[in-house]
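In each ligand, atom 1 is the first atom listed, and ligand 1 is the first ligand listed.
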Amino acid sequence: MSDSRDPFTTRRGFLKATAAAGGAAMTAGAAHAAGDPLITEKQPWAQALGDGVDATPYGLPIKFEEDVIRRNVPWLTADPISSINFTPIHALDGTITPQGCAFERHHSGAIELSKSDYRLMINGLVDTPLVFTYADLERFPRENHVYFCECAANTGMEWAGAQLNGAQFTHGMIHNMEYTGVPLRTLLAEAGLDAAGDLSDKWVYVEGADASSNGRSIPMEKALDDVLVAFKANGEALRMEHGYPVRLCVPGWEGNMWVKWLRRIEVMDGPVESREETSKYTDTLEDGTSRKWTWVMDAKSVVTSPSPQSPITHGPGPLVITGLAWSGRGAIERVDVSIDGGKTWQTARLGAQGVKNALSRFYLDIDWDGSEMLLQSRAMDSTGYVQPTKAQLREVRGLNSIYHNNCIQTWWVKENGEAENVEVS
Ligand SMILES: Nc1nc2c(c(=O)[nH]1)N[C@H]1C(S)=C(S)[C@@H](COP(=O)(O)O)O[C@H]1N2
Ligand SMILES: [Mo]
């Protein structure tokens with residue numbers, strides 16, 4: 001197959017590739033018709049009836065996929081109530097995250113709040129303070145948008161060196177869904193903002209109905225731009241763990257601001273400086289001071305497969321390298337992949353044109369020669385920003401940071417196809 005760099009682009013190419021590899025069991029398409037009982041023998045599933053249509057009124061993944069689940073790293077937090085788990089990004093493809101395996105982050109647990117008990121208050125510097133029921137929200141004009149939500153702590157354990165062995169754990173504090181909701185600006189207009197006067201220095205304070213309340217201050221400019229009061233994700237109601245019945249989407253900005261179980265929005269003449277925006281979710285620099293208001297999630301990417309939880313099991317030959325890229329500042333324009341630790345780069349193919357504030361899927365289809373690789377990916381967004389190396393990030397931020405680590409990740413893929421998290425800075 002040495003004469004065919006991309007053996008999968010045509011059927012002819014595929015056959016040629018298989019033939020050239022002869023009887024080697026390591027080739028894609030290596031199952032041989034002759035003597036394969038899965039082809040020649042009648043199988044149990046063809047000799048009995050399957051489940052009826054009502055066996056699972058709300059479907060779950062088939063048991064063979066039971067490994068594709070959220071996972072938690074117990075030692076990261078003291079208990080699972082104020083904790084986080086991770087999206088199995090190593091096992092997903094495309095860009096949309098199914099709600100059932102989208103990471104969860106709670107400060108005081110996920111609460112059960114019904115639509116009938118739901119109330120949303122808008123107060124403060126508004127002409128008329130208002131309280132909306134869930135049914136009220138359904139009567140405003142709706143929009144649909146695909147957005148990623150990334151916790152600012154994603155990749156935060158990797159500052160000092162390679163730590164967690166799997167893309168799920170290093171980069172899985174992210175999900176990407178299609179949200180349905182009402183723009184916050186519509187609800188603010190309903191309450192009236194004349195009372196607020198000059199809007200350029202005004203803020204909104206948003207809080208949830210859970211015990212933590214997770215209150216955050218958002219500048220009015222962002223509140224009136226693209227913030228969405230969302231009640232559906234991927235076409236269905238939000239799951240309890242993602243804020244049922246209503247959550248805030250703050251596109252491109254850190255996940256902490258995406259308040260779940262949204263209960264109150266107060267228009268204010270300054271930020272509150274709450275716990276979540278002072279002692280937490282700020283960036284401690286080398287000199288010990290902390291930087292606040294670092295809301296935007298910069299361009300970032302990661303190879304999801306091959307990776308430690310998704311090793312190469314087929315040996316040399318055609319290999320699909322794939323991963324995710326995103327930016328809170330613009331659309332992903334380009335992703336480069338390196339198999340030699342950043343010495344040389346190849347431009348990957350994007351699964352679809354990049355969308356602002358949403359995940360992009362990339363692919364690099366190679367002919368793997370079976371030698372070890374230092375796999376990296378590097379994202380570029382529509383502002384011209386290029387994802388930094390660990391060394392570049394540390395020059396600015398030192399080693400004391402936790403949040404907002406968007407450095408280039410390296411997987412060391414060995415000759416046997418297994419992969420490990422390593423540091424190439
Ligand atoms: N009310 C409330 N909203 C919240 C939180 C919370 O604990 N309570 N956690 C925040 C944090 S830190 C993140 S990263 C996102 C996570 O959203 P998810 O659980 O849907 O993944 O929700 C944010 N919104
Ligand atoms: Mo978070």
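Close N/O approach between Y281 and ligand 1 is not found [any backbone or side-chain N/O within under 3.5 Å]. Residue R247 places at least one N or O, backbone or side chain, under 3.5 Å from an N or O of ligand 1. When only interatomic distances are considered, the shortest N/O to N/O separation between F103 and ligand 1 falls below 3.5 Å. Below 3.5 Å of separation, one finds no N or O of S213 facing any N or O of ligand 1.
Closest of all the heavy-atom pairs between H145 and L228 is CD2-CD2, 4.3 Å.
The ligand atoms of ligand 1 that sit less than 4.0 angstrom from a heavy atom of W261 are 1 (N), 2 (C), 8 (N). Every atom of ligand 1 is numbered from 1 in the order shown, and the set under 4.0 Å from a heavy atom of V259 is 3 (N), 24 (N). When each atom of ligand 1 is checked for a heavy atom of E241 under 4.0 Å away, the hits are 19 (O). Residue contact check: C151 has heavy atoms under 4.0 Å from atoms 14 (S) of ligand 1. Listed by number with element, the atoms of ligand 1 under 4.0 Å from a non-hydrogen atom of H106 are 7 (O). For ligand 1, the atoms sitting less than 4.0 Å from at least one non-hydrogen atom of E104 are 19 (O), 21 (O), numbered in the order shown with element in parentheses. Atoms of ligand 1 lying under 4.0 Å from any heavy atom of W258, numbered from 1 in the order shown and given with element: 22 (O), 23 (C), 24 (N).
Checked by atom type, the side-chain pair D287/T289 shows a donor-acceptor distance below 3.5 Å. Side chains of R361 and T304: a donor on one and an acceptor on the other come within 3.5 Å. Remark: the T97 side chain and the N176 side chain contain no N/O donor-acceptor pair separated by less than 3.5 Å.
Heavy atoms of A102 come nearer than 4.0 angstrom to ligand 1 in no pair at all.
Here the protein heavy atom with the shortest distance to atom 4 (C) of ligand 1 is N214 ND2, 3.4 Å. Among all protein heavy atoms, the one lying closest to atom 6 (C) of ligand 1 is H107 ND1, 3.5 Å. Regarding atom 19 (O) of ligand 1, its nearest protein heavy-atom neighbour is K260 NZ, 2.5 Å. For atom 16 (C) of ligand 1, the closest non-hydrogen atom of the protein is R105 CB, 3.7 Å.
Looking only at side-chain heavy atoms (C-beta outward), Y244 and K115 come within less than 4.5 Å of each other. Proximity of W345 to Q376: side-chain heavy atoms (C-beta onward) are separated by under 4.5 Å at one or more points.
Taking 4.0 Å as the cut-off between side-chain N and carboxylate O, E254 and R216 count as a salt-bridged pair. Taking 4.0 Å as the cut-off between side-chain N and carboxylate O, R397 and D283 count as a salt-bridged pair. R239 has no carboxylate O lying under 4.0 Å from a charged side-chain N of E104, or vice versa, which leaves the two without a salt bridge. Here R394 pairs with E423 in a salt bridge; the nearest charged N to carboxylate O distance falls below 4.0 Å.
Checked options S116, S114, P245; the residue passing with Y134 is P245 (criterion: side-chain contact (heavy atoms from CB on, under 4.5 Å)).
Nearest to atom 23 (C) of ligand 1 by heavy-atom distance, out of A211, A209, G243, G255, is G255.
The side chain of S212, and not its backbone, has at least one atom closer than 4.0 Å to an atom of ligand 1 (non-hydrogen atoms only; side chain from C-beta on). Only the side chain of D210 comes within 4.0 Å of ligand 1, counting heavy atoms alone; its backbone N, CA, C and O stay farther away. Neither the backbone nor the side chain of F86 has any atom closer than 4.0 Å to an atom of ligand 1 (non-hydrogen atoms only).
Using cut-offs of 30° and 60° for the angle between ring planes, the Y147 and Y179 rings count as parallel.
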